[in-house]
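The next block holds one structure in the form of structure tokens; read it before the comments.
All values below were derived from every heavy atom in this structure, side-chain atoms included, with hydrogens, water molecules and symmetry-related copies excluded. In the text below, chain A, chain B and the rest are named by the order of the sequence lines, each starting its count at 1. Computed from a prediction, not measured in an experiment: that's the story for all the values here.
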Amino acid sequence: MTGQTQSAIRFENVSKYFGNVKAVDQANLEIRDGEFFSLLGPSGSGKTTCLRMIAGFEVPSSGHIYLYGQDVSNLPPYERDVNTVFQDYALFPHMSVGDNIAYGLMVKGVPKPERMKRVDEMLELVQLTGYAARKPSQLSGGQRQRVALARALINHPKVLLLDEPLGALDLKLRQQMQVELKAIQKRVGITFIFVTHDQEEALTMSDRIAVFNEGKIVQVGTPAEIYEHPATAFVAGFVGTSNLVSGEVAKRITGREIRFSIRPEKIHLGTMDTNIEADSYSADGVVRDVIYLGLYTRYLVELNGGGDLVVVEQNLKTTSMDVLKVKGQAVRLHWKKEHIREVGGS
Amino acid sequence: MPSNVSYGQKASWGLTLAAWGGLLFLHVPILIIFLYTLTPDETTYTFPLPGITFKWFGVALQRTDLWRALTLSLRVAAVATVAALVLGTLAAAAVYRSQFFGREAVSFLLVLPIALPGIVTGIALRTSIGALDIPFSYWTIVVGHATFCVVVVYNNVLARFRRMQGSQIEASMDLGANAFQTFRYVVFPNIATALLAGGMLAFALSFDEVIVTTFTAGQQTTLPIWIFSQLTRPRDRPVTNVVALFVMLITFLPIFFAQKITAQSADTEGGSK
């Protein structure tokens, strides 16, 4: 409320243990007001536990969680101005779509005419006008998803939590919902916190992303920062595909004892007589495998003297016939020095 | 259910015969009881009936000992059922929702009374009630019946909980409902038909229970015990038949409806996925 610097959610040294298992380890995090923020990580990395602690379904073992400055660490779910869209939607099967959406207002004692008006607004927001009388069992997966969203938004929460809400949808519907979710977030202006293990989804939708691994937050940043400047080898590998080069191979290429990542699309595939500029690195090798993927082609190159690199090139002028002929040929790979990222341990 | 038999294949006549034979064996004796409520002959079962009379219904109406037994049975069944509904639901909720030490043991111990022969439950209860110097009364009968009525409700409700999407409870709390509201608007509608079915079954079980009652009753006579005692008085046989018919109706109807209700809710739940 005090200004634009107000954070919506703040984690202060939050840890969560289940028995001896450390699900979340000393997490510090700041999510800004109005942001579309993603918690990204493989399963078991602690992202869902963090979300459940914000919702109030889990209590932190230590540390504090602040919601717009208020310490909510120990508040029960029904006393927090936060609502959740569940992975399995968790619609109430015995209630109509309208009653499902109105539930939050009903338990607060909002009178019926007001409830009906707000339900209609919500149905319009999620493009389900006219569905109020149906039962959840009569809806498709995508429609249930919209009902769950409408139900969670009707209370105008300060923060909306989304727990892998698109996981059960097929690819096409998922991409459509990604666009729609983003549009709805813009319209309602509420902070969205989105849990996903799908890095592409996180990159597409988020203003900022926190990458989780083994209970720790390993990097927080915009999609571009995370993609272009991965902080650790794990982030480089998890977000997008990346070549991780270390040891002897790294030393041979750069002349230094470092460990670095390089994105496949930054590497150029050249013939053996290609001249290497001073601002580039190069490595010679043999193309072991060619995978034609329509829009682009992926090459697996075995470097002379050990190690291999994945290279991706768009099929701007080439056809499948051209690219498949490259298999088995000797090539010289080269890329701009500025495109490598030196990374620390895991 | 008839829609399931759409294989277009007829059962062999041998199987049909065996099925009908089985059904007749089970149900003809019940028809016989019905038949002999109408006989004018009060001591023997002669066939064909020497005549038809409805006087035994009148005689039964006049018998105050019979009415006392019937009201006692209804009161015991009602209270045992209510106790079973409350305790059975709480036990099912605890076993379903939380992990605690001895959870499996609790589940097993709850189901035990229905697996245990009634005579064992009866002796055990009589011994412990006697040892505690508690006088045998209406309440000791109720407690005795509750031991096996709780199981019926517990099993029904637990099965329903297991089919229910657990995140519904979290969703309700998340939307601002406190524990009481969550129970009222989300949990209760989900388990309502299971409660009804379990409650009706518990009522029927309690209403015609003889063995445990024999051990836990004092001077009171419940209806089944009253019928049992009538066996030694052949003169009142048609009256006993009238009562038996009545008991049958009282226990049959709840079980019939309980089955209907659970079948219906199973259908709707099957349709939702």
Q: Decide yes or no for B:Ser167 and A:Tyr89: does some side-chain heavy atom of the first lie under 4.5 Å from some side-chain heavy atom of the second?
A: no
Q: Could you tell me whether B:Arg103 atom CZ has more than 12 heavy atoms of other residues or ligands within 6.0 Å of it?
A: yes
Q. Of the backbone (N, CA, C, O) and the side chain (C-beta and beyond), which part of A:Asp88 lies under 4.5 Å from a heavy atom of chain B, both, or neither?
A. both
Q. Any chance CD of A:Glu124 has more than 12 other-residue heavy atoms, nucleotides or ligands included, within less than 6.0 Å?
A. no
Q: Enter the distance from B:Gln165:CD to A:Leu91:CG here, rounded to the nearest 0.5 Å.
A: 7.5 Å
Q) If you check every heavy atom in residues 97-106 of chain A against those of chain B, which residues fall under 4.5 Å? A) A:Tyr103, A:Gly104, A:Met106
**Q.** Test item: A:Met95 and B:Pro189 side chains (from C-beta on) under 4.5 Å apart, heavy atoms
**A.** no
Q. When you look at OH of B:Tyr96, are more than 12 heavy atoms from neighbouring residues, nucleotides or ligands closer to it than 6.0 Å?
A. yes
**Q.** Closest non-hydrogen atom pair between A:Val107 and B:Leu175, with its separation
**A.** CG2-O, 3.8 Å
Q.
Rounded to the nearest 0.5 Å, what separates atom OH in A:Tyr78 from atom CD in B:Gln181?
A. 9.5 Å
Q | Minimum-distance pair of heavy atoms, taken over all atoms of A:His94 and B:Tyr185 | A | NE2-O, 2.9 Å
Q: Assess whether atom CZ of A:Phe18 is packed by more than 12 heavy atoms of other residues, nucleotides or ligands within 6.0 Å.
A: yes
Q: Report, as yes or no, whether the 6.0 Å neighbourhood of atom CE on A:Met116 holds more than 12 heavy atoms from other residues, nucleotides or ligands.
A: no
(Q) If you compare all heavy atoms of B:Asp174 against all heavy atoms of A:Thr84, which two are closest, and at what distance to 0.1 Å? (A) OD2-N, 2.6 Å
Q.
How about CZ on B:Phe100, more than 12 heavy atoms from neighbouring residues, nucleotides or ligands closer than 6.0 Å, or not?
A. yes
Q. Non-hydrogen atoms of chain B under 4.5 Å away: do they reach the side chain of A:Arg151, the backbone, both or neither?
A. both
Q: Examine whether an atom of A:Ala148 lies under 4.5 Å from a heavy atom of chain B, and if so say whether it belongs to the side chain, the backbone or both; otherwise answer neither.
A: neither
